[in-house]
Amino acid sequence: MMLTQAPKGTKDVLPKESYKWHYIEGEIRKICFEFGYHEMRTPTFEHTELILRGVGETTDIVQKEMYTFNDKAGRSITLKPEGTAPAVRAFIEHGLHFDTQPTKLYYITPVFRYENVQAGRLREHHQFGVELFGSPSPSADAEVISLAMTFLKRLGLDNLKVNINNIGCQECRKNYNEALKNYLKDNYDKLCDVCKDRFERNTLRILDCKEKTCQAIVKDAPVITDYVCENCKNHFEGLKHELDILNIPYEVDPHIVRGLDYYTQTVFEIITSSIKENLTICGGGRYNNLIKEIGGPDMPAVGFGLGIERLILTLEARGIEIPKPKGVLLYVATIGDKAKDEASKIVFDLRNKGIPCERDLMNKSLKAQMKYANKIGAKYVIVLGDEEIDSNKARLKEMETGKEEDIVLSDLYKILLQRV
RNA sequence: GUGGAUAUAGUUCAGUUGGUUAGAGCGCCAGAUUGUGGCUCUGGAGGUCGUGGGUUCGAGUCCCACUAUCCACCCCA
């Protein structure tokens with residue numbers, strides 16, 4: 001029955017593992033605060049037109065991976081397939097470009113792509129993204145790259161490699177496209193079908209083709225860095241200089257072009273090289289025309305996106321432990337109805353004072369209550385029966401050591417405060 | 001969109017050439033210890049064998065379709 005099955009390509013995060021997400025999200029918020037980025041939340045769906053314009057009609061996303069539908073008023077709506085276009089839309093809509101620049105934003109958002117499912121590739125996945133609007137400087141590129149690198153390192157990832165490339169501005173891209181087309185023309189028949197199609201529509205992407213025959217052809221193709229204009233060249237040199245200063249190791253890979261149309265000048269990927277394979281864990285670049293393209297001012301921007309599911313998988317594959325949260329501080333075990341009422345009051349009062357504590361809600365035996373306390377990771381247990389209530393005294397048991405001590409019940413809060 | 005593998009308890013998996021009542025580990029519940037957890041031992045609950053059709057005296061097992069999962073390709077995060 002479909003009733004009890006999540007749709008293809010979606011995943012539930014169960015209580016057992018939600019702590020992983022809390023941890024990652026916490027680290028994201030921490031580093032973004034330190035780097036001076038502020039959160040922006042945009043809607044789950046946008047007008048289809050925004051995605052078409054923003055992401056680009058020739059991309060795979062737009063051509064075959066969009067979740068698009070008409071709402072009741074007949075508007076074409078699309079679940080956002082990435083975070084940049086919506087962020088740019090919101091930036092323009094709310095006039096953030098009239099503020100002092102730069103504008104530095106981040107987001108954690110679900111994104112949707114209708115594609116075949118594989119490990120770390122879902123139809124709904126979650127992305128951490130960073131966008132820096134307003135600065136044309138290579139220092140901005142370096143800053144977002146350094147943020148991503150620092151973030152991944154802090155989580156414990158090693159063997160990180162940054163691949164960068166310069167794909168120029170619209171002007172130099174035109175020249176390069178021509179040169180590339182000229183070169184490929186002679187080998188057109190040998191290209192794979194997909195690339196034949198790309199030849200007219202999106203020549204650059206042929207560089208990215210994984211077909212062996214295409215790769216062989218591409219190997220001797222003209223290199224884009226030879227065709228970029230003075231300005232773009234300087235920008236790229238500036239970026240390399242900044243990365244050197246920050247001690248971030250990088251490699252220039254003339255074949256990365258990224259899947260999105262809006263990139264200009266810098267594109268980059270962060271690869272984690274494991275024993276088995278290299279995995280792109282983060283990708284981004286500069287998009288100097290997108291804001292204008294969507295109807296805003298002529299303003300440069302740079303950013304990246306990072307898939308959180310894939311990140312968690314990578315951490316686990318490396319055996320990197322995500323810190324587990326602590327259990328409750330106190331479990332109040334009870335014997336009898338009188339004790340239940342008393343425990344109810346005590347627990348409610350302690351919780352109000354900020355002490356995380358639990359008590360029995362299942363009418364379990366004392367033994368079962370102890371088991372439960374152990375299971376939920378209670379640091380202390382107190383057993384309440386008629387005796388304790390009448391004498392206002394009880395034994396506070398430390399679960400890890402098994403040691404017990406006599407305490408006065410009314411001092412419980414004071415004692416716990418000292419133990420936190 | 002293409003190709004391959006798989007689908008049995010909450011979970012990970014056994015299940016012989018098709019043959020009575022479908023099993024195990026872990027988890028859950030209880031007892032051993034009637035007011036004290038972890039370790040151990042004992043017992044218990046839990047399954048329309050993914051869904052629908054077909055072959056057969058008889059299907060978890062064979063055939064078909066659908067759905068989902070995993071892997072690879074395409075592409076990307």
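Numbers restart at 1 for each chain; the letters A, B, ... are given by sequence-line order, proteins then strands. Since we're looking at a predicted model, the values are computed, not measured. Values below: every heavy atom of this structure, side chains too, minus hydrogens, waters and symmetry copies.
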If you compare every side-chain N and O of A:Lys367 against the phosphate oxygens of B:A30 (OP1, OP2), does one of them come in below 4.0 Å?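 Answer is no, no contact under 4.0 Å.
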Return the value, rounded to whole Å, for the distance between atom CD1 of A:Ile270 and atom C1' of B:A77.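 Value for this atom pair: 12 Å.
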Rounded to the Å, how far apart are A:Leu160 CG and B:A77 C1'?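 Going from CG in A:Leu160 over to C1' in B:A77 covers 15 Å.
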Scan [X] against the nucleic acid and name what it touches under 4.0 Å (heavy atoms): base, sugar-phosphate only, or nothing.
{"X": "A:Glu269", "value": "nothing"}
{"X": "A:Glu82", "value": "nothing"}
{"X": "A:Glu309", "value": "nothing"}
{"X": "A:Ile308", "value": "nothing"}
{"X": "A:Arg395", "value": "nothing"}
{"X": "A:Gly9", "value": "sugar-phosphate"}
{"X": "A:Lys16", "value": "nothing"}
{"X": "A:Gln369", "value": "nothing"}
{"X": "A:Leu122", "value": "base"}
{"X": "A:Leu306", "value": "nothing"}

Test of ring centre spacing under 6.0 Å for A:Tyr106 and A:Tyr37: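 Ring centres of A:Tyr37 and A:Tyr106 not closer than 6.0 Å.
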Quick check: any donor-acceptor pair below 3.5 Å linking the side-chain of A:Lys371 to the base of B:G38?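 Absent.
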Check: A:Arg121 side chain, B:C75 base, donor-acceptor under 3.5 Å: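 Looking at the base of B:C75, it does pair with a donor or acceptor on the side chain of A:Arg121 (distance under 3.5 Å).
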Nucleotides 6-12 of chain B: protein proximity per nucleotide (B base, S sugar-phosphate only, - neither; heavy atom, under 4.0 Å): -------
Only counting residues at least two apart or in another chain, list the ones meeting salt bridge (Lys or Arg N to Asp or Glu O under 4.0 Å) with A:Lys153.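 Listed in chain order: nothing, the list is empty.
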Using the P atom as the point on both nucleotides, what is the distance between B:G54 and B:U61, in whole Å?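 Their P atoms lie roughly 14 Å apart.
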From the options B:A68, B:G35, B:G27, select the nucleotide whose nearest atom is closest to the side chain of A:Lys375.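 Output: B:G27.
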Between B:C70, B:C73, B:G38, spot the one nearest the side chain of A:Asn116, thanks.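 For the A:Asn116 side chain, the nearest candidate turns out to be B:C73.
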In dot-bracket form, 5' to 3', how is RNA chain B paired? Count Watson-Crick and G-U wobble pairs only if both distances fall under 3.5 Å, and write | where the partner sits on another strand. (((((((..((((.....[...)))).(((((.......))))).....(((((..]....))))))))))))....
